[in-house]
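As a basis for the values below, the full set of heavy atoms in this structure was taken, side chains included, without hydrogen atoms, waters or symmetry mates.
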Amino acid sequence: PVVFTRLRHLNLARTQLTDVGAVLLARSGLTQTLRFLDLTGNRVTGHGAVPLAAALAEGPLTELRLSAGPLGWSGRRRVRDVLGDRVRLV
């Protein structure tokens, strides 16, 4: 995968991103350098958010925004379990 070494901040809020898109993002290599990712208001559930969180856990991410979507408390808890406390989950 192509690595964008300068990409630190990615705003994909309200872009209709789905679980498939979240998984593709996880596989893209973009997650290796991101410090901030905004997925507010998309259609990502636990099926996409957990694999994405696993990819993000390997990088320098400090904030992930997943509010206003269908993730729910169970999905948020699973994402938190993957990312730990070092990442601010909004």
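Across Ala53 and Leu83, no two heavy atoms sit closer than the pair O-CD2, 3.4 Å. Gln32 and Pro60 get closest at one heavy-atom pair: O-CD, 3.2 Å. Taking all atoms of both residues into account, the shortest heavy-atom contact from Gly46 to Pro51 is O-CD, 3.9 Å. Residues Arg86 and Ala57 come closest through the heavy atom pair NH2-O, 3.1 Å. Here the shortest heavy-atom pairing between Ala49 and Leu71 reads CB-CD1, 3.8 Å. In terms of heavy-atom proximity, Thr31 sits nearest to Ala26 at OG1-O, 4.0 Å.
Side-chain contact check for Leu30 versus Leu7: some heavy-atom pair is nearer than 4.5 Å. Considering only heavy atoms from C-beta on, Arg14 comes within 4.5 Å of Thr40 through its side chain. Using a 4.5 Å heavy-atom cutoff, the side chains of Arg80 and Arg78 are not in contact. At a threshold of 4.5 Å between non-hydrogen side-chain atoms, the residues Asp38 and Leu10 do not count as touching. Inter-residue side-chain proximity for Leu52 and Val23 is flagged as unmet; no heavy-atom pair is nearer than 4.5 Å. In this structure, the side chains of Arg43 and Gln16 come closer than 4.5 Å at one or more pairs of heavy atoms. With a 4.5 Å cut-off on side-chain heavy atoms, Val87 and Thr62 do not count as touching. Proximity of Asn42 to Leu66: side-chain heavy atoms (C-beta onward) are nowhere separated by under 4.5 Å.
Heavy atoms from other residues, nucleotides or ligands lying under 6.0 Å from CZ of Arg88 number 12 at most. More than 12 heavy atoms of other residues, nucleotides or ligands shown are found within 6.0 angstrom of CG on Asp81.
A continuous path of Ile, Leu, Val, Met, Phe, Trp and Tyr side chains, each step under 4.5 Å between heavy atoms, connects Leu34 with Leu89, placing both in one hydrophobic cluster. Criterion: ILVMFWY side-chain heavy atoms under 4.5 Å apart, direct or through other members. Under it, Val82 and Leu56 are part of a common hydrophobic cluster. A chain of hydrophobic side-chain contacts below 4.5 Å, direct or via other Ile, Leu, Val, Met, Phe, Trp or Tyr residues, connects Leu12 to Leu64.
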Does the side-chain contact (heavy atoms from CB on, under 4.5 Å) test come out yes or no for Leu37 and Glu63, once each step is laid out?
CA-CA 6 Å; Leu37 177 58; Glu63 184 171 331; over 6 Å; no
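Of the possible polar contacts, none joining the Asp19 side chain to the Val44 backbone as a donor-acceptor pair under 3.5 Å is found.
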